[in-house]
Amino acid sequence: MSTMNLIIFIVQQMMNFSVPLLIVALGGLFAERSGIVNIALDGTMILGAFTGIMFLHMVQATGAETGQFTLLAALLISAVTGVIVSLFHAYASVNMKADQTISGTAINMFAPAVSIFVARLVVGVQQVTFSNRFIIDSVPVLGKIPLIGPMLFQRSYLTTYIGFAILVVSAVVLYKTRFGLRLRSCGEHPQAADSVGINVYKMRYAGTLISGALAGIGGLVFIIPTSVNFDANVSGYGFLAIAVLIFGQWKPGRILFASLFFGLMKTISAVYTSVPFLMSLSIPSDVYKMFPYIATLIVLVFTARNSQAPRAEGIPYDKGER
């Protein structure tokens with residue numbers, strides 16, 4: 001493999017790992033900007049991926065042709081699943097004023113168990129398989145652009161472009177709309193927001209539901225390019241997305257760069273056998289597999305103390321208190 005082909009290969013793989021992180025971290029951003037800590041991102045990813053993959057499995061089992069429209073339908077199902085899951089977290093956090101970490105952890109524990117149970121009930125085995133027929137060989141016109149074309153517009157997935165579209169929409173919604181201003185105010189000073197007529201409870205519900213939808217989508221987006229079966233596991237990507245959110249300082253632009261960084265670390269751990277230089281170092285394979293998580297710890301050590309988290313995140317709001 002030539003050097004240029006190797007670079008193109010690494011960039012393509014990095015997109016497959018970075019985009020799910022980007023989508024899920026943006027989901028966490030909406031929840032935390034509203035004042036709700038969504039530790040349940042990992043469990044929501046699992047359930048979103050499960051329902052999306054189950055849909056693809058059942059469609060393909062009928063012998064029907066599956067293409068990009070089928071993938072879009074699966075993404076919609078995953079998003080709806082994420083919304084339903086996040087409703088429980090929102091109810092516990094907003095209405096019951098429960099500890100948000102405990103509520104999220106409960107969902108994380110529930111998700112793989114129910115996915116495995118339903119999979120065995122419906123298809124008879126734990127792993128739900130599907131055929132990956134969604135790769136785009138070359139995007140018309142854009143795929144012919146020198147260098148950039150082969151990197152980003154050849155052998156790619158529609159989900160990659162959806163991920164970047166979500167980034168743009170998220171930035172516009174949060175910083176250019178009245179809804180975004182109200183959402184952010186509820187995460188910074190809910191009492192002040194309430195005093196000017198903003199319904200803090202509704203805004204926190206909205207932030208959490210958007211978070212769930214994006215986490216559900218992110219679960220399916222993670223599985224599609226990296227596997228042909230699903231066994232109730234997303235490799236801890238929900239937790240890694242929280243690290244991306246912190247590293248990105250709760251800002252969409254920085255979250256993008258954080259996602260690319262962690263995506264690169266994940267790519268190195270996955271494709272090091274294809275890189276002659278890395279193979280020549282004779283580093284044990286287990287060390288490469290730990291790269292993303294070691295990088296996460298190192299980054300958090302240096303960035304956590306300068307955290308710019310929303311001031312009211314994780315604090316239940318009581319309308320009667322001032």
Side-chain angles (χ1 to χ4, degrees), residues 14-36 38 41 44-45 48-49 52 68-69 71-87 90 134 136 139 142 152-153 156-188 198 202-222 224-225 237-238 241-242 244-263 308 310 313:
M14 186 175 72
M15 289 298 104
N16 293 340
F17 289 118
S18 297
V19 171
L21 275 179
L22 173 63
I23 295 173
V24 180
L26 289 171
L29 175 65
F30 274 95
E32 298 206 3
R33 281 295 186 184
S34 74
I36 300 295
N38 194 355
L41 291 175
T44 309
M45 283 185 72
Q68 303 305 324
F69 286 107
L71 177 58
L72 289 174
L75 288 170
L76 179 60
I77 291 172
S78 295
V80 172
T81 301
V83 169
I84 294 172
V85 173
S86 64
L87 269 173
F134 310 109
I136 301 172
V139 177
L142 297 177
L152 301 177
F153 301 107
S156 59
Y157 289 87
L158 179 63
T159 51
T160 298
Y161 313 125
I162 290 175
F164 284 104
I166 290 173
L167 171 66
V168 174
V169 171
S170 297
V172 171
V173 168
L174 282 171
Y175 294 101
K176 301 295 183 181
T177 67
R178 181 181 300 177
F179 171 81
L181 177 61
R182 291 180 174 181
L183 186 80
R184 288 184 287 120
S185 69
C186 292
E188 292 293 338
I198 297 173
K202 286 185 178 180
M203 295 308 297
R204 288 191 167 184
Y205 256 95
T208 308
L209 297 187
I210 293 171
S211 176
L214 294 181
I217 291 172
L220 185 60
V221 170
F222 171 68
I224 291 295
Y237 247 53
I242 294 174
V244 167
L245 179 62
I246 297 171
F247 186 29
Q249 292 296 296
W250 292 267
K251 296 179 180 177
R254 292 187 180 184
I255 287 173
L256 169 62
F257 290 110
S259 299
L260 293 174
F261 170 74
F262 285 109
Q308 298 177 13
E313 71 163 349

Asks: Once you round to the nearest 0.5 Å, how far does CD1 of I77 lie from CG of L72?
Replies: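 That separation rounds to 11.5 Å.
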Asks: Sequence neighbours excluded, which residues qualify as side-chain contact (heavy atoms from CB on, under 4.5 Å) partners of A206?
Replies: F179
Asks: Check whether any side-chain heavy atom of Y157 sits under 4.5 Å from a side-chain heavy atom of I136, and report yes or no.
Replies: no
Asks: So how far is it from L22 CG to T160 OG1, rounded to the nearest 0.5 Å?
Replies: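 Nearest 0.5 Å value for the CG-OG1 distance: 10.5 Å.
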Asks: Test of understanding: with side chain to side chain donor-acceptor pair (under 3.5 Å), list the residues that count as partners of S211, not counting sequence neighbours.
Replies: N38
Asks: Given 3.5 Å as the limit, does a donor-acceptor pair link the side chain of S78 with the main chain of G48, or not?
Replies: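 Side chain of S78 to backbone of G48, a donor-acceptor pair under 3.5 Å: yes, one is there.
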Asks: Contact between L75 and T159 at the side-chain level, heavy atoms closer than 4.5 Å - yes or no?
Replies: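 Yes, side chains in contact.
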Asks: Provide the closest heavy-atom pair for L245 versus A25 in the form atom of the first, atom of the second, distance.
Replies: CD1-O, 3.7 Å
Asks: Give a yes or no answer on whether the side chain of Q249 reaches the backbone of Q308 with a donor-acceptor pair at less than 3.5 Å.
Replies: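 A pair under 3.5 Å: yes.
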Asks: Minimum heavy-atom separation for G248 and A258, please, with both atom names.
Replies: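 Heavy atoms only, the tightest pair is N-CB, 4.2 Å.
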Asks: On a heavy-atom basis, which atom in M203 and which in C186 lie closest, and how many Å separate them?
Replies: CB-SG, 3.6 Å
Asks: What's the spacing between R184 CZ and L29 CG if we round to 0.5 Å?
Replies: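 R184 CZ to L29 CG: 10.0 Å, rounded to 0.5 Å.
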Asks: Which residues pass the side-chain contact (heavy atoms from CB on, under 4.5 Å) test with T208, sequence neighbours left out?
Replies: I36, S86, H89, A90
Asks: Which residues satisfy the side-chain contact (heavy atoms from CB on, under 4.5 Å) test with I166, sequence neighbours excluded?
Replies: I23, L26, I162, S170, L214
Asks: Please give me the minimum heavy-atom distance between G218 and V24, naming the atom from each residue.
Replies: CA-CG2, 3.7 Å
Asks: Please give me the minimum heavy-atom distance between G253 and F257, naming the atom from each residue.
Replies: O-CD1, 3.2 Å
Asks: Roughly how far, to the nearest 0.5 Å, is OG of S18 from CZ of F164?
Replies: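 Taking CZ in F164 and OG in S18, the distance rounds to 7.5 Å.
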Asks: Could you walk me through whether L41 and Y237 pass the side-chain contact (heavy atoms from CB on, under 4.5 Å) check?
Replies: CA-CA 8 Å; L41 291 175; Y237 247 53; over 6 Å; no
Asks: Could you state the interatomic distance from CG (L260) to CD1 (I255), rounded to the nearest 0.5 Å?
Replies: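 Interatomic distance, L260 CG to I255 CD1, rounded to 0.5 Å: 12.0 Å.
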Asks: Look up atom CZ in F262 and atom CG in L21, then write down how far apart they are to the nearest 0.5 Å.
Replies: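 Reported to 0.5 Å precision, the distance equals 8.5 Å.
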Asks: Provide the closest heavy-atom pair for S156 versus V139 in the form atom of the first, atom of the second, distance.
Replies: OG-CG2, 4.3 Å
Asks: Please enumerate all residues that pass ring-ring contact (aromatic ring centres under 6.0 Å, His included) together with F153, with sequence neighbours excluded.
Replies: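 Residues passing ring-ring contact (aromatic ring centres under 6.0 Å, His included) with F153: Y161.
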Asks: Who pairs with E188 by side-chain contact (heavy atoms from CB on, under 4.5 Å), at least two apart in sequence or on another chain?
Replies: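 For E188, the residues satisfying side-chain contact (heavy atoms from CB on, under 4.5 Å) (neighbours in sequence not counted) are R33, P310, R311.
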Asks: Once you measure the plane-to-plane angle for F247 and F261, does it fall in the parallel (<30°), tilted (30-60°) or perpendicular (>60°) bin?
Replies: perpendicular
